[in-house]
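Scope of the values below: all heavy atoms of this structure, side chains included, with no hydrogens, waters or symmetry mates.
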Amino acid sequence: MLITQAPKGTQDVLPAESARWQAVESNMREACRLAGYREVRTPVFEHTELFLRSVGDTTDVVQKEMYTFLDKGGRSVTLKPEGTAGVARAFLEAHLEAGALPMKMYYISCPVFRYEKPQSGRLREHHQLGIEVFGAKDASCDAEGIRLALDVLAASGIRGLRVSINSIGCPNCRAAYLEQLKNFLRPRLPRLCDTCRDRFERNPLRILDCKVPSCQAELTDAPDMLGALDEDCAAHFESLKASLNALDVDYSVDPRIVRGLDYYTRTVFEIITDAENGPLTVCGGGRYDGLLKQLGGPELPGFGFGMGVERVLMVQDMMGVRPPEAPVADVFLAALPGARLEALKLLRDLRGAGVACDMDHAARSLKAQFKYADRLGAPYVTVVGGDELARGALRLRDMRRSAEEEIPVSEFIPAIRKKLAGEGAGV
RNA sequence: GUGGGCGUAGUUCAGCGGUUAGAGCGCCAGGUUGUGGCCCUGGAAAUCGUGGGUUCAAAUCCCAUCGCUCACCCCA
């Protein structure tokens, strides 16, 4: 039994996996650079009050999933359960509304925490990539964000995802719709399932998404939100669809997309794939025009999304997308006894010339050093020492071709660089 | 929070009442005293998750507990 164990619902990213993370992250950075987003980093924890007022104090996320605790000063703080609130707070605190608007920001592999029972694709700590834009009211902003998310996924080798969009209107038309929906449901309540009856007061929109067939049967004539949008919200939704078309985004309108965070207005969307156990959302987001005002700031619109890094990697696995493994070292220096200091000097010279190289640090036999080099994936191993070194040369072994040659020390670095440059072209 | 499944070498698993608990892969060593991968030989490695109970006898049956995992809820 090990004396240590990672906390429930957490995952280590071990050296063998970290390159995959970095690849997704660099795809995000590049897409954001091209689209004029700049990185923002905010604290891992915030005042609990921030989430109560943004995410919403009646949501499941706030009511039962937050990591909330008192610090030693008696302040209630919470590990962030999502990315938007902290960025909104930072935007307001730094008075970025006084600068150029819209302000387009992104974040990379931001840890987020939710106290849930872990299962496939769901962790207590996971990481999100995302964007937040403040001060852009047009639906072209929403479409641009969705396009960006798809571009990041495509660059990460993932295709064939479904984009589902919906509009949940503004507080005015949504309130009217909810009344309409509840009036429709009230007489049918006895025939709905237990969870739906529970949802009636808490979150009636969710009932539309119930998977129980008998509930679905009751809902065939239910009013939908899209039909209840007011004029401005309907126009915004039409504009969103036109913008997505302009950006070549294939989407479908899904009136059941709701989202579990209170701050959303108008546009909500999800990017979904089919996992073994059913649909899996890899990215979700939408518009939050009332958020800054609600936090005591100016009335400025907002839009953003969060993308789950672990889920993206999961989809890559499902689709067999596996980035090629880069060797840990391009050249491994296998030192013979008595030549370790020579090897160490050569190591520094090679690195100074930009060659990734490594050597043994465990006084191992030549055989063991070769074995280690092989496991690092090193394409070249150089034997340092012995007769060759005595006459001013090094023996270079090409591990894949099992061929060896002797190179004078003075020509060694240019020679190895030339070989590696050839590799780069071939790959 | 509710409900399933599973805990046996580093790992994937077999064994499911009866001597000293096995295998594949991995690991270490040797075959090759200056050379990896393949092959051969040998070796190390398990208080059978933990605690209690039943039994002449428990990895195996029962109970509890902890852990992992999957689904619901919700979400990335």
Side-chain angles (χ1 to χ4, degrees), chain A residues 1-2 5-11 55 59-66 80-84 109-130 149 153 193-196 198-199 202-203 206 209-212 257-261 268-273 275-285 304-315 332-339 360 364-389 394-404:
Chain A
M1 188 56 142
L2 292 174
Q5 187 169 35
K8 192 185 190 74
T10 66
Q11 262 179 6
V55 174
T59 57
D60 277 11
V61 168
V62 166
Q63 284 196 330
K64 42 187 221 194
E65 295 176 357
M66 293 210 302
K80 48 182 163 182
E82 54 86 60
T84 300
S109 292
C110 161
V112 307
F113 304 86
R114 288 179 207 163
Y115 190 85
E116 307 183 85
K117 273 184 109 170
Q119 64 188 58
S120 175
R122 199 176 70 192
L123 296 160
R124 287 186 173 177
E125 180 193 34
H126 75 279
H127 299 79
Q128 293 189 4
L129 314 171
L153 290 164
C193 70
D194 289 351
T195 39
C196 280
D198 185 50
R199 286 189 269 226
R202 192 166 47 92
N203 194 348
R206 277 271 157 213
D209 197 21
C210 186
K211 292 164 192 82
V212 177
I257 302 271
V258 176
R259 313 262 71 219
L261 314 176
V268 289
F269 79 98
E270 291 182 1
I271 300 177
I272 303 163
T273 184
E276 279 177 31
N277 306 317
L280 182 77
T281 300
V282 295
C283 177
F305 70 72
M307 186 185 294
V309 179
E310 285 88 348
R311 286 190 180 179
V312 169
L313 297 178
M314 219 176 129
V315 175
F332 190 87
L333 305 184
L336 287 166
D360 175 59
R364 286 186 286 200
S365 70
L366 194 68
K367 182 189 172 95
Q369 293 185 61
F370 264 87
K371 188 164 187 172
Y372 181 60
D374 185 50
R375 299 183 61 176
L376 293 183
Y380 296 100
V381 176
T382 298
V383 177
V384 181
D387 301 341
E388 304 93 314
L389 193 62
L394 294 162
R395 177 159 282 270
L396 181 71
R397 181 173 179 87
D398 180 326
M399 295 293 273
R400 286 162 307 185
R401 295 184 188 81
S402 295
E404 296 196 9

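When both pairing distances are held under 3.5 Å, B:U41 makes a Watson-Crick or G-U pair with B:A29. When Watson-Crick and G-U wobble pairs are counted only if both distances are under 3.5 Å, B:G67 pairs with B:C6. B:A59 is unpaired under the criterion used here, namely a Watson-Crick or G-U wobble arrangement in which both key atom distances are under 3.5 Å. Across all strands shown, B:C74 forms no Watson-Crick or G-U wobble pair with both key distances under 3.5 Å. Pairing partner, B:U19: none, since no Watson-Crick or wobble contact has both distances short of 3.5 Å. Checking B:U35 for Watson-Crick or G-U wobble geometry (two distances, each under 3.5 Å) identifies no partner in any strand.
A:L123 places its CG atom 14 Å from the C1' atom of B:C70, with the value rounded to the nearest Å. Separating the OH atom of A:Y115 from the C1' atom of B:U2 is a distance of 14 Å, rounded to the nearest angstrom. Atom CG in A:D387 sits about 9 Å away from atom C1' in B:G34, given to the nearest Å. A:R364 has its CZ atom 15 Å from the P atom of B:U35, to the nearest Å. Distance CZ (A:R400) to P (B:G37): 17 Å, rounded to an integer number of Å. In this structure, CG of A:D374 is placed 12 Å from C1' of B:C38, rounded to the nearest angstrom. Between the P atom of B:C74 and the CD1 atom of A:I257 lies a distance of 14 Å, rounded to the nearest Å. Atom pair A:K371:NZ and B:G30:P shows a separation of 11 Å (rounding to whole Å applied).
The two residues A:Q128 and A:G83 make their nearest non-hydrogen contact at OE1-N, 4.4 Å.
Phosphate proximity of B:G34 to A:K367: absent, as no side-chain N or O sits under 4.0 Å from OP1 or OP2.
Comparing the same atom, P, in B:A46 and in B:U69 gives a spacing of 25 Å after rounding to whole Å. Spacing between B:U50 and B:G37 at atom P, rounded to whole Å, works out to 37 Å. Nucleotides B:U11 and B:C27 are separated by 11 Å at their C1' atoms, to the nearest Å. Taking atom C1' in both B:A14 and B:G52, one finds a spacing of 28 Å when rounded to whole Å. Using P as the reference atom, B:G43 and B:G34 are 27 Å apart when rounded to the nearest Å. B:G1 and B:U60 are spaced 30 Å apart, taking the P atom of each and rounding to whole Å. Taking atom P on both B:G5 and B:U41, the two are 43 Å apart, rounded to the nearest angstrom. Taking the P atom of each, B:C61 and B:G18 are spaced 11 Å apart, rounded to whole Å.
Proximity note for A:L366 (side chain, C-beta onward) versus B:A71, B:A76, B:G34: the nearest is B:G34. You'll find that the side chain of A:H126 is closest to B:A76, out of B:C70, B:A76, B:U35. Listed candidates were B:U35, B:C72, B:C74. Nearest to the side chain of A:D60 is B:C74. Checking B:G34, B:C74, B:A71 against the side-chain heavy atoms of A:E65 singles out B:C74 as nearest. Of all nucleotides listed (B:A76, B:G34, B:G36), B:A76 comes nearest to the side chain of A:Q128.
Evaluation of atom-type donor-acceptor distances gives a pair under 3.5 Å for the side chain of A:K117 against the base of B:U2. A donor-acceptor contact under 3.5 Å links the side chain of A:S402 to the base of B:G37. A donor-acceptor contact under 3.5 angstrom links the side-chain atoms of A:E404 to the base of B:U35. Residue A:Q369 places no side-chain atom within donor-acceptor reach of the base of B:G34, judged by atom type and a 3.5 Å distance cut-off alone. At a cut-off of 3.5 angstrom, counting only N and O atoms as typed in the model, there is a donor on one side and an acceptor on the other between the side-chain of A:R397 and the base of B:G36.
Between A:L394 and A:V384, some side-chain heavy-atom pair lies under the 4.5 Å cut-off. No side-chain heavy atom of A:V61 sits less than 4.5 Å from a side-chain heavy atom of A:E82. The closest side-chain heavy-atom distance from A:R311 to A:T281 is below 4.5 Å. Using a 4.5 Å cut-off on side-chain heavy atoms (C-beta onward), A:F113 and A:T10 make no contact.
In this structure, A:L280 reaches neither bases nor backbone, as no heavy-atom distance under 4.0 Å exists between it and the strands shown. Residue A:M399 is classed as a base contact, given a heavy-atom separation below 4.0 Å to a base. A:G306 comes within 4.0 angstrom of sugar-phosphate atoms only, judged by non-hydrogen atoms across all strands, and of no base. The residue A:V383 sits close to a base: some heavy atom pair falls under 4.0 Å. A:R114 comes within 4.0 angstrom of a nucleotide base, judged by non-hydrogen atoms across all strands. Nucleic acid contact for A:E125: none, since no nucleic acid atom lies under 4.0 Å from a heavy atom of the residue. Among the heavy atoms of the strands lying under 4.0 Å from A:G121 is at least one base atom, whether or not backbone atoms are also near.
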- Task: Could you walk me through whether A:V312 and A:M307 pass the side chain to side chain contact (heavy atoms under 4.5 Å, CB included) test, one step at a time?
- Result: CA-CA 8 Å; A:V312 169; A:M307 186 185 294; 3.8 Å; yes
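Map A:S120 and A:G9 each onto its nearest nucleotide of RNA chain B; the residue landing nearer the 5' end is A:G9. When each of A:L261 and A:K64 is assigned the nucleotide of RNA chain B bearing its nearest heavy atom, the one mapping closer to the 5' terminus is A:K64.
A:Y380 OH to A:E404 CD: the interatomic distance, rounded to the nearest 0.5 Å, is 13.0 Å. The structure places NZ of A:K64 at 10.5 Å from OG1 of A:T59, a figure rounded to the nearest 0.5 Å.
The side-chain tip of A:R124 points at the ring of A:Y115 from less than 6.0 angstrom away and within 45° of straight on.
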